[in-house]
Amino acid sequence: MLILKEIKHRKFNFIMGLVGMIAIVSLVVAFYTMTRATQKETIRLTRDMGFNVRIIPGETDINQFWADGYSNLSMSQEVVDKLVDQKSVNYAHLTASLHKRVLFRGKDVVLSGISSEEREPSGAKKSKMIFAIEKDKVYLGYSIANQFNIKEGDVIKVLEQDFEVSKTLAESGSDEDIRIYFNLKSLQELINMEGQINEVMAINCMCSTKNGDPLGELRTELQKIAPEAEVLMKNSVADAREKQRKMTDKYFAFLFPIILIICALWLGSVTMTNVKERTSEIGVMRAIGFTSWKISKQFFLRALLIGLFGAIIGFAIGTIVSYQIGPSIFSVAKTYIKPNYIMLLLAVVIGPLFAALSSLLPVLWAVNRDSAELLKE
């Protein structure tokens, strides 16, 4: 084919165009892959900061709640079922809990019963945020274990009932250090509150809302589903998560057009150089009857080949770069970086079209010139 002979004859120009295409695809793939991975890690890190939504009995005295760290009222555990059954509710990791302050060996401690089951209204399977405590076993907060020199495997008496210490927790620097954690059902039976809870912990997954008020929308939803409950949200955690997501999105949106413009100029310059090198050739073809379309087709086929090969090679390089270099640039684990084959498909489709469009102006300039003028040059 004529196009292959032309590429072989002017291989340096073809290689320069190919390098430009490889560069843009590599940059876009690497940056997009690392951006998505960074967002996933951000979600995981902010998730590990703890639950940012607390659903409590609606009649709770807020002063008492913040002073004690939990509501002294209770509500039916069925409120969790209501939240799960209403698929439109934007909560995740719904976890029922029950808390009560008691004396333990002369010290004030908080007994916390945690459901071993996290409920998801969306039905999606997600990694658990909480520890599952077996029945008749407990986890001890750091201060309690340290004060009384209690070790894992010891048996302690709480409200005249024996429990085995399954685990002693690391120091948290919060009231969690003076808590004794139970399986929810065990604590309900221990304090005679079967089927009752005083809090549902959750994560809000709708920081972006149309009116910019996610808490207001959550409260509106909850009022329809479970009017007996009230929702509180740790805005600092939710805001940090949302700001991080928006920052990475804006960063990508800012750089992507710049990369495209630079590459378009590069490919256009390479094509213009190729056009000028073939001035006499174009003049001869026009003189012997080649139409503008037939001449243009040679340049566009060349551009399509540059786009196709550049997309495939660029995707491979971009994926390798994001996996090998990404973690050292961004705070992201390699486990979150995976080849995005949808991007490969898009690159193979869009790459050749982009290369052809970048060559459009030089080609139009060449084929619309007079053949006599071209031959004279």
Shortest non-hydrogen separation from [X] to [Y] and the atoms involved:
| X | Y | result |
| --- | --- | --- |
| Gln196 | Ser74 | OE1-OG, 3.1 Å |
| Ser97 | Ile197 | O-CB, 3.2 Å |
| Arg179 | Ser112 | NH1-OG, 2.6 Å |
| Ala229 | Met75 | CB-SD, 4.1 Å |
| Ala132 | Ser116 | CB-CB, 4.0 Å |
| Lys107 | Gln147 | CG-OE1, 3.8 Å |

Do [X] and [Y] share a hydrophobic cluster (ILVMFWY, side-chain heavy atoms under 4.5 Å, transitive)?
| X | Y | result |
| --- | --- | --- |
| Leu73 | Ile55 | no |
| Ile178 | Leu190 | no |
| Leu159 | Val165 | yes |
| Met193 | Val110 | no |
| Leu103 | Phe148 | no |

Other ILVMFWY residues reachable from Ile320 by side-chain steps of under 4.5 Å: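 ILVMFWY cluster around Ile320 holds nothing else.
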
So, using salt bridge (Lys or Arg N to Asp or Glu O under 4.0 Å) as the criterion, who are the partners of [X] when residues are at least two apart?
| X | answer |
| --- | --- |
| Asp162 | Lys157 |
| Glu164 | none |
| Glu78 | none |
| Asp68 | none |

More than 12 foreign heavy atoms under 6.0 Å from CD of Glu134: is that the case here?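 Not more than 12 within 6.0 Å, no.
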
Give a yes or no on this: more than 12 heavy atoms of other residues, nucleotides or ligands lie within 6.0 Å of atom NZ of Lys135.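 More than 12 within 6.0 Å, yes.
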
[X]: what forms a ring-ring contact (aromatic ring centres under 6.0 Å, His included) with it, not counting sequence neighbours?
| X | value |
| --- | --- |
| Tyr181 | Phe131 |
| Phe163 | Phe182 |
| Phe309 | none |

Could you give the distance from [atom1] ([X]) to [atom2] ([Y]), rounded to the nearest 0.5 Å?
| X | Y | atom1 | atom2 | result |
| --- | --- | --- | --- | --- |
| Lys100 | Leu111 | NZ | CG | 8.5 Å |
| Glu59 | Ser71 | CD | OG | 10.0 Å |
| Ile312 | Ile317 | CD1 | CD1 | 12.0 Å |
| Lys82 | Glu228 | NZ | CD | 4.0 Å |
| Ile180 | Ile150 | CD1 | CD1 | 7.0 Å |
| Ile144 | Glu176 | CD1 | CD | 11.5 Å |

Which residue in the set Leu169, Val109, Asp175, Asp177 passes side-chain contact (heavy atoms from CB on, under 4.5 Å) when paired with Ser143?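 Result for side-chain contact (heavy atoms from CB on, under 4.5 Å) with Ser143: Asp177.
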
Only one of Val155, Leu187, Ile156 passes side-chain contact (heavy atoms from CB on, under 4.5 Å) with Val138; say which it is.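 The side-chain contact (heavy atoms from CB on, under 4.5 Å) with Val138 is passed solely by Ile156 among Val155, Leu187, Ile156.
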
Among all residues two or more places apart in sequence or in another chain, which pass the side chain to side chain contact (heavy atoms under 4.5 Å, CB included) test with [X]?
| X | answer |
| --- | --- |
| Leu345 | Val349 |
| Glu230 | Ile56, Arg219 |
| Asp61 | Asn63, Gln64 |
| Leu346 | Ile342, Ile350 |

In terms of ring plane angle, is the pair His99 and Tyr70 parallel, tilted or perpendicular, where the classes change at 30° and 60°?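 Because their plane-to-plane angle lies in the 30° to 60° range, the rings of His99 and Tyr70 count as tilted.
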
Donor-acceptor pair, distance only, cut-off 3.5 Å: does the side chain of Asn198 make one with the backbone of Asn72?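 No; zero donor-acceptor contacts below 3.5 Å.
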
